Structures are given as C-alpha cells and as structure tokens.
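Letters A, B, ... are given to chains in the order of the sequence lines, protein chains preceding strands, and every chain is numbered from 1. Computed from heavy atoms alone, side chains included, the values below leave out hydrogens, waters and symmetry copies. Bear in mind the structure is a predicted one, so any value in this text is a computation, not a measurement.
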Amino acid sequence: MRLRIAPSPTGDPHVGTAYIALFDLGVARRNGGRFILRIEDTDQGRYVENSERNIFDSLRWIGLEWDEGPDVGGPYGPYRQSERLPRYREFAETLVEQGKAYRCWCSPERLKRVREEMQARKEPPKYDRFCYGKSEAERRALGECTERPVVRMLIPDEGVTAFEDLIRGRIEFENKLIDDQVLLKGDGFPTYHLAVVVDDHEMRISHVTRGEEWISSTPKHVLLYEWIGWELPKFAHFPLLRNENRSKVSKRKNPWATLPWFRDNGYLPEALLNFLALLGWSMPDGREVFSFEEFVREVDLERISTSGPIFDLNKLDWLNGHYIRQMPLDELAERIRPFLERAGLAAEDPPLASALPLVHERLKRLAEGPELLGFLYQPVGEYDPKLLVPKGLDAGTTRALLDASIARANEAPSFGHAELEAAFRELATERGVKTGQLFMTLRVACTYGTVSPPLFETMEVLGREGVVTRLEVALARVPSE
RNA sequence: GCCCCCAUCGUCUAGCGGCCCAGGACGCCGCCCUUUCAAGGCGGAGAUCAGGGGUUCGAAUCCCCUUGGGGGCACCA
C-alpha cells in the first residue's frame with residue numbers, strides 16, 4: 001500500500017492536512033506500506049514563500065514523518081509538481097492526439113460570459129466547446145482569444161462515470177453534467193486534476209485519500225485513468241472538519257485551522273494526534289486515549305464515518321491535560337521551558353524540577369506555564385490589596401496576622417511544607433481565626449491571587465526568603481480600613 | 001440554479017434487524033476529598049435515533065420521500 005498527502009504551499013499548513021496524513025501514515029504502517037509527501041505547487045499565483053518549509057516543520061512536529069518526499073527523496077521523484085512539468089505536458093499532448101482532449105483559446109472574458117448565460121438559463125455552467133474541432137487559425141478569426149491556449153478534456157455527452165469510495169460506497173455522476181475540465185493551463189502548468197492523476201499513478205499510489213470537497217471532481221480523474229488505460233487506485237474521501245457553525249474549517253475564521261497554532265499554544269503532538277484520530281473514527285473497543293502505535297494496530301479506512309465532525313477544542317484541552325498529567329516531570333520540564341523563556345521567565349530560581357510538581361495536574365496547555373508559574377519568579381506581584389483581608393476579618397486583624405506570620409516564617413526551624421502547615425495551623429488557632437481565613441491571606445500574599453497551587457508546598461518552593469519578602473510587601477499593602 | 005455527500009445526547013461517537021424505551025467520552029450539574037484551584041472518586045440531567053411513509057414477526061439499523069446541514073460547479077488546490 002502506498003498513500004500520500006499532497007498539500008499546496010499556499011500558506012500556513014492546515015489542520016486538515018495533518019488529519020488525513022495521520023490516517024495515511026497509520027494505514028501505511030499497519031499494512032507495511034509507504035507514506036509519501038508530495039508538494040502540489042502548480043499554482044504560481046498562490047505560491048507563498050516559506051510555506052513548504054512550514055509544512056515540513058509542522059508535519060514533523062506532530063510526528064507524521066514521511067518515507068518519500070521532496071526533501072528525503074525516494075524512487076518515484078521528484079516529489080514537487082513544479083519539477084515534473086514535462087510529464088504532464090506529454091500526457092496532455094497524448095490525449096489531444098487521441099482526440100480525448102482539445103485546445104481552447106477562449107479568453108477569460110468569454111468563458112465568464114458563457115458561464116453566466118448558462119446559469120441564467122438554469123443549466124449547469126459548462127464550457128460550450130466553442131474551440132472544439134477548430135484549428136488555431138479558424139478559431140482566431142472568431143475573436144475573443146488569448147495568446148496561450150489551454151488543453152481541455154472532451155467529456156462524453158452520455159453515460160455515467162462511477163467509482164467506489166472506501167468510506168462512502170458507490171458514487172456516480174452523469175457525464176453530461178461534467179464540464180470540459182482544463183488539464184493544462186495557459187502557462188504550461190497542469191491543473192490539479194491532471195497533475196494528481198499523473199502523479200498518483202507514477203508514484204504508485206494505491207489509496208487516494210483527500211477531503212470530501214474532491215468528490216465532485218473525482219469522475220474527471222476516473223475518466224483520465226480510463227482513457228490512458230491505467231489501473232484505478234482506491235478512493236477514500238474523508239469527512240470535512242467543521243467550524244462550530246458546521247461550515248468547513250477555514251483559516252480565516254479559526255486560528256486553530258492552522259497547525260502552528262497548536263504548537264504555539266502548548267498542545268502536545270501526541271494529544272493532537274489522539275484527538276484527530278477520534279474525529280470520524282473510533283477504536284473498535286471504544287478506547288479514547290491511545291498512542292499512535294495502538295492506533296496503527298486498529299486503523300481502518302472503512303471504519304471512518306461519513307459526516308463532518310465539529311472540531312471541539314474543549315475535548316482537545318481535556319486530552320492534552322491528560323497527556324501532560326501522564327508525562328514524567330523531567331520531560332515536562334524540557335517541553336515547557338521554551339514557553340517560560342519566551343515569557344521572560346528564567347525558570348532557574350526556583351528550578352523547574354521543584355516548581356513543576358505544583359502545577360503538573362493543573363496544566364492543560366504548556367502555554368499556560370507562564371501564567372501558572374509566573375509568581376514564583378517575580379518577588380513582587382500585582383494584586384488587589386483588598387484580597388488580603390479575608391471574609392469576616394478586618395484590616396487590623398489582617399495586619400496582625402501578617403505580622404505574626406512573618407515571625408513564624410522567620411522562626412521556622414525548617415521550611416518543609418508539613419512543618420509550615422503545622423506552624424500556621426497553630427497560628428490560626430492561637431489567633432482564633434479559621435484556617436481558611438489565614439491561609440487565604442497567605443495565599444494572596446505569596447501567589448498574588450486567590451487561586452494557586454497548594455499553599456505550603458508553594459511556600460516550600462519559594463523558600464524562607466521568598467516567603468518573608470512577599471509577606472512584608474503584603475503587610476505594607478493591607479488597606480487602611 | 002444544477003450536481004454530489006451527509007443526518008444518534010450541546011460536542012465527538014458506539015450501534016451495521018431482535019442483546020437498545022440507545023452505550024461511552026468531553027462539557028454541564030450535584031456530592032465526596034479539600035486551605036483556594038485543579039486532579040481523583042461517586043452520582044445525575046441530557047437523544048420521541050431530523051420528520052413521514054414503506055419492507056419485516058421485529059428497524060436507530062434496509063428502501064423511498066420530505067426537511068435540514070455541508071461540499072462542488074475556475075486557466076485554485
């Protein structure tokens with residue numbers, strides 16, 4: 001089996017590319033096949049600088065490594081369509097000679113006009129074959145021409161073209177509804193339809209996987225295979241990933257439509273892959289958390305469902321948190337360090353090894369690191385002083401508590417969390433306040449907020465000096481009534 | 001407008017004729033644990049299986065229609 005993913009370098013890599021590539025790789029691995037990356041750069045107008053690089057980086061980041069591709073080579077290269085131009089021209093030429101295709105000199109203006117006329121007549125908008133059967137000279141005499149002709153398929157007027165889709169079963173189209181598709185553009189580049197057929201065949205692709213949006217052009221491809229006498233590959237049209245409003249995901253509307261977004265926001269590749277595998281597919285035994293290796297053992301294109309799933313970031317967050325909780329701390333330290341550094345947090349004092357246990361099970365995304373750990377690295381922080389005064393107590397009492405707390409912190413023989421907790425519980429009892437009241441004051445003073453990791457573990461990490469400094473700042477800040 | 005695809009809890013899904021007055025997961029709501037927040041444990045609400053016709057002893061599962069949603073109709077992929 002040979003499966004391929006064939007993105008276009010027209011911008012940031014799309015999440016849908018990873019979605020289909022995941023199944024490509026999975027199916028290839030399960031069957032001892034190969035996974036190929038091909039770059040479809042036949043649209044010179046939409047080419048975006050660096051996007052090929054970004055595609056490589058994103059796919060590698062998420063862990064979908066290809067066996068053959070532009071940068072790693074392989075027996076059926078080149079793997080970039082712009083480097084395969086002669087093949088497409090030759091193929092198109094052969095079709096013209098055989099009468100399966102013909103040249104067309106119509107200007108864009110004329111094509112547009114014809115389409116609009118047909119629309120107005122409630123007919124399917126198709127090319128009217130004005131150029132068919134005419135020599136260049138004959139055609140030019142009629143006007144409305146362009147310099148460089150294109151090559152169009154001569155679609156049969158009768159019959160139906162059908163194909164078997166692995167995911168959806170048989171799909172058929174009436175030939176008379178199919179437009180005479182352009183195969184070769186005026187600039188000599190092939191259209192997608194020509195290039196995909198030639199390349200899939202020459203690269204020995206056994207399973208053509210792609211989004212549902214391609215279903216309606218598949219009959220054109222089938223015709224091409226038949227005309228040239230090539231064996232038909234198997235087709236699998238995946239459901240389209242949707243926005244909350246059920247339209248297909250677009251980079252314009254959703255930041256998460258783009259792969260780098262997940263990396264930048266602290267999602268783990270393994271979690272994203274696991275999540276993607278759950279869209280339109282499920283383990284036979286219903287497991288929802290599984291590794292890529294487990295996925296490979298069970299993946300099957302025929303188990304993919306047909307309706308387009310809405311991308312639920314909520315569930316991704318849960319899965320991501322789950323993977324983070326599962327991760328050894330030293331590994332988490334390495335993975336989260338870049339996020340902290342980018343936020344200007346040194347992550348040296350206290351060392352991550354002692355800080356991370358505080359937030360390990362509270363972290364859903366690595367990018368939350370700076371927000372959750374920031375207070376540890378800033379001796380003085382911003383917060384509303386009113387938060388220091390617990391419910392039911394007044395400012396004077398709070399000041400006294402803080403003052404006594406500073407003394408306790410200074411006197412504590414050791415700074416272990418158990419001893420600290422004992423000491424402060426004792427203080428609360430002595431002063432006749434609820435532990436929760438004292439602890440909240442200390443929490444705000446030490447962590448700059450009412451939500452934090454466990455207080456005494458946090459104090460232990462902060463160390464005596466860190467705690468005393470914070471308590472002194474707090475004491476000075478308590479509102480004057 | 002024409003063609004194609006699709007339709008089970010808010011969301012992702014299980015189900016491929018009887019085990020289903022529909023199971024799991026996320027989310028949500030309680031309770032427990034608890035110094036806050038999480039995590040974890042337990043429990044709960046939540047789907048007349050889009051609607052209507054068939055087929056069948058029996059349908060979420062098969063067929064048809066309707067409705068709804070999506071996609072495609074470029075010298076873009």
Side-chain angles (χ1 to χ4, degrees), chain A residues 6-10 40-43 45-46 81 104 106-108 111-112 115 118-127 146 148-152 165 167-168 171-174 177-179 181-193 195-196 210-219 237 239-240 242 244-248 275 278-289 305-319 321-322 325 359-364 372 421 424-425 428 434-440 442-444 447 449-456:
Chain A
S8 295
T10 53
E40 308 219 324
D41 55 347
T42 57
D43 186 351
R46 289 210 307 161
Q81 292 185 328
C104 169
C106 288
S107 66
L111 294 173
K112 183 160 180 273
R115 259 195 300 275
M118 303 194 83
Q119 284 265 32
R121 264 179 278 136
K122 294 188 177 182
E123 289 168 26
K126 287 169 60 181
Y127 176 56
T146 57
R148 312 239 40 190
V150 302
V151 172
R152 286 181 182 276
D165 188 281
I167 297 175
R168 294 154 209 276
I171 299 174
E172 56 176 51
F173 291 81
E174 282 191 84
L177 264 12
I178 304 173
D179 195 11
Q181 181 58 237
V182 171
L183 294 177
L184 209 57
K185 302 184 245 183
D187 63 4
F189 276 65
T191 58
Y192 170 82
H193 309 283
V196 75
R210 69 220 321 185
E212 185 184 346
E213 61 208 11
W214 292 105
I215 289 179
S216 47
S217 42
T218 302
H237 289 94
L240 253 24
R242 317 283 192 92
E244 290 82 337
N245 70 357
R246 301 198 176 276
S247 58
K248 73 169 175 177
F275 176 71
L278 253 18
L279 298 179
W281 186 84
S282 62
M283 279 282 191
D285 67 2
R287 253 176 305 160
E288 299 215 333
V289 180
S305 55
T306 43
S307 61
I310 291 174
F311 200 98
D312 184 9
L313 276 180
N314 217 358
K315 185 155 183 176
L316 208 213
D317 279 347
W318 166 75
L319 247 190
H322 179 85
R325 272 171 252 131
V359 297
H360 194 181
E361 67 190 19
R362 271 157 262 260
L363 218 45
K364 284 205 296 284
L372 260 40
E421 178 166 356
F424 285 102
R425 278 190 187 281
K434 290 179 186 160
T435 51
Q437 293 176 313
L438 204 219
F439 292 178
M440 189 49 86
L442 297 176
R443 182 187 317 285
V444 173
T447 71
T450 54
V451 172
S452 80
L455 182 56
F456 302 106

- Query: Which part of the nucleic acid, if any, lies within contact of A:Glu213, taking any heavy atom under 4.0 Å across all strands shown: a base, the sugar-phosphate backbone alone, or nothing?
  - Reply: sugar-phosphate

- Item | Among B:G27, B:A77, B:U35, the nucleotide that comes nearest once only the side chain of A:Arg443 is considered | B:U35

- Task: Would you classify A:Glu172 as touching base, sugar-phosphate or nothing, given that sugar-phosphate means primed atoms plus P, OP1 and OP2, and contacts are heavy atoms under 4.0 Å?
- Result: sugar-phosphate

- Counting side-chain heavy atoms from C-beta on, which of B:G27, B:A77, B:G70 comes nearest to A:Glu212? B:G70

- Item | Within 45° cone and under 6.0 Å: A:Arg242 NZ/CZ vs A:Phe311 ring | no

- Query: What is the nucleic acid contact for A:Lys434, judged by heavy atoms within less than 4.0 Å: base, sugar-phosphate only, or nothing?
  - Reply: nothing

- Message: Please give the distance between the P atoms of B:C5 and B:G10 as a whole number of Å.
- Response: 27 Å

- Query: So what does A:Gly186 touch, heavy atoms closer than 4.0 Å: a base, only the sugar-phosphate, or nothing?
  - Reply: base

- Task: Measure the distance from CD on A:Glu174 to P on B:C2 and round it to the nearest whole Å.
- Result: 14 Å

- Please state whether the rings of A:Phe424 and A:Phe456 are parallel, tilted or perpendicular, taking 30° and 60° as the class boundaries. parallel

- Query: Base, sugar-phosphate alone, or nothing: which one does A:Arg121 contact when heavy atoms must sit under 4.0 Å apart?
  - Reply: nothing

- Remember a base hit wins even if backbone is also touched, and classify A:Pro219 as base, sugar-phosphate or nothing at under 4.0 Å, heavy atoms. nothing

- Query: Between B:A47 and B:U11, how far is it from one P atom to the other, in whole Å?
  - Reply: 12 Å

- Check side chain to side chain donor-acceptor pair (under 3.5 Å) between A:Ser282 and all other residues, then give those that pass, not counting sequence neighbours. A:Arg303

- Winner on side-chain proximity to A:Val451, out of B:C37, B:A77, B:A74, is B:C37

- Message: Among residues at least two apart in sequence or on other chains, which ones pass side chain to side chain donor-acceptor pair (under 3.5 Å) with A:Arg287?
- Response: A:Asp285, A:Glu294

- Message: Taking the P atom in each of B:C26 and B:C42, what is the distance between them to the nearest angstrom?
- Response: 12 Å

- Query: Counting just side-chain N and O atoms, does A:Lys112 come under 4.0 Å of either OP1 or OP2 of B:C73?
  - Reply: no

- Any donor-acceptor pair under 3.5 Å between the side chain of A:Arg168 and the base of B:C5? no

- Message: Give me the distance, rounded to whole Å, that separates B:U34 from B:C21 when you measure between the C1' atoms they each carry.
- Response: 41 Å

- Rounded interatomic separation in angstrom, taking NZ from A:Lys248 and C1' from B:C5: 14 Å

- Query: If you look at every heavy atom in A:Ser217 and A:His193, which pair is closest and at what distance?
  - Reply: CB-CE1, 3.4 Å

- Item | B:G23 and B:G15, which share atom name C1', separated by this distance in whole Å | 9 Å

- Who passes side chain to side chain donor-acceptor pair (under 3.5 Å) against A:Asp165, sequence neighbours left out? A:His237

- What string of B, S and - do you get for nucleotides 8-14 of chain B, 5' to 3', when a contact is any protein heavy atom under 4.0 Å? ---SBSS

- Tell me, please, which residues at least two apart from A:Tyr192 pass ring-ring contact (aromatic ring centres under 6.0 Å, His included). A:Trp214, A:His221

- Task: For A:Val182, report the nucleic acid contact type (base, sugar-phosphate, nothing); a contact means any heavy atom under 4.0 Å.
- Result: sugar-phosphate

- Message: Side chain of A:Phe173, heavy atoms from C-beta onward: which of B:G40, B:C75, B:C3 has the nearest atom to it?
- Response: B:C3

- Query: With a 4.0 Å cut-off on heavy atoms, is A:Phe424 in touch with a base, just the backbone sugar-phosphate, or nothing at all?
  - Reply: nothing

- Of all residues at least two apart in sequence or in a different chain, which pass the side chain to side chain donor-acceptor pair (under 3.5 Å) check with A:Ser452? A:Arg443

- When you compare B:A14 with B:C76, how far apart are their P atoms, in angstrom units rounded to a whole number? 38 Å

- Task: Measure from the side-chain heavy atoms of A:Pro454 and tell me the nearest of B:A25, B:U35, B:C5.
- Result: B:U35

- What interatomic distance, in whole Å, is found between P of B:G51 and the corresponding atom of B:A60? 11 Å

- Query: Is A:Glu212 paired with A:Arg168 through a side-chain N to carboxylate O contact shorter than 4.0 Å?
  - Reply: yes

- Considering only heavy side-chain atoms of A:Pro108, the closest of B:C75, B:A77, B:G40 is B:C75

- Roughly, in whole Å, what's the span from CG in A:Asp43 to C1' in B:A74? 11 Å

- Query: Base, sugar-phosphate, or nothing: which does A:Leu240 touch, judged by heavy atoms less than 4.0 Å apart?
  - Reply: sugar-phosphate

- Looking only at atom C1', what distance separates B:G69 and B:C63, rounded to whole Å? 22 Å

- Task: Please work out if A:Thr42 contacts a base, only the sugar-phosphate, or nothing of the nucleic acid, heavy-atom cut-off 4.0 Å.
- Result: sugar-phosphate

- Could you work out which one of B:U36, B:A74, B:U35 sits closest to the side chain of A:Leu455? B:U35

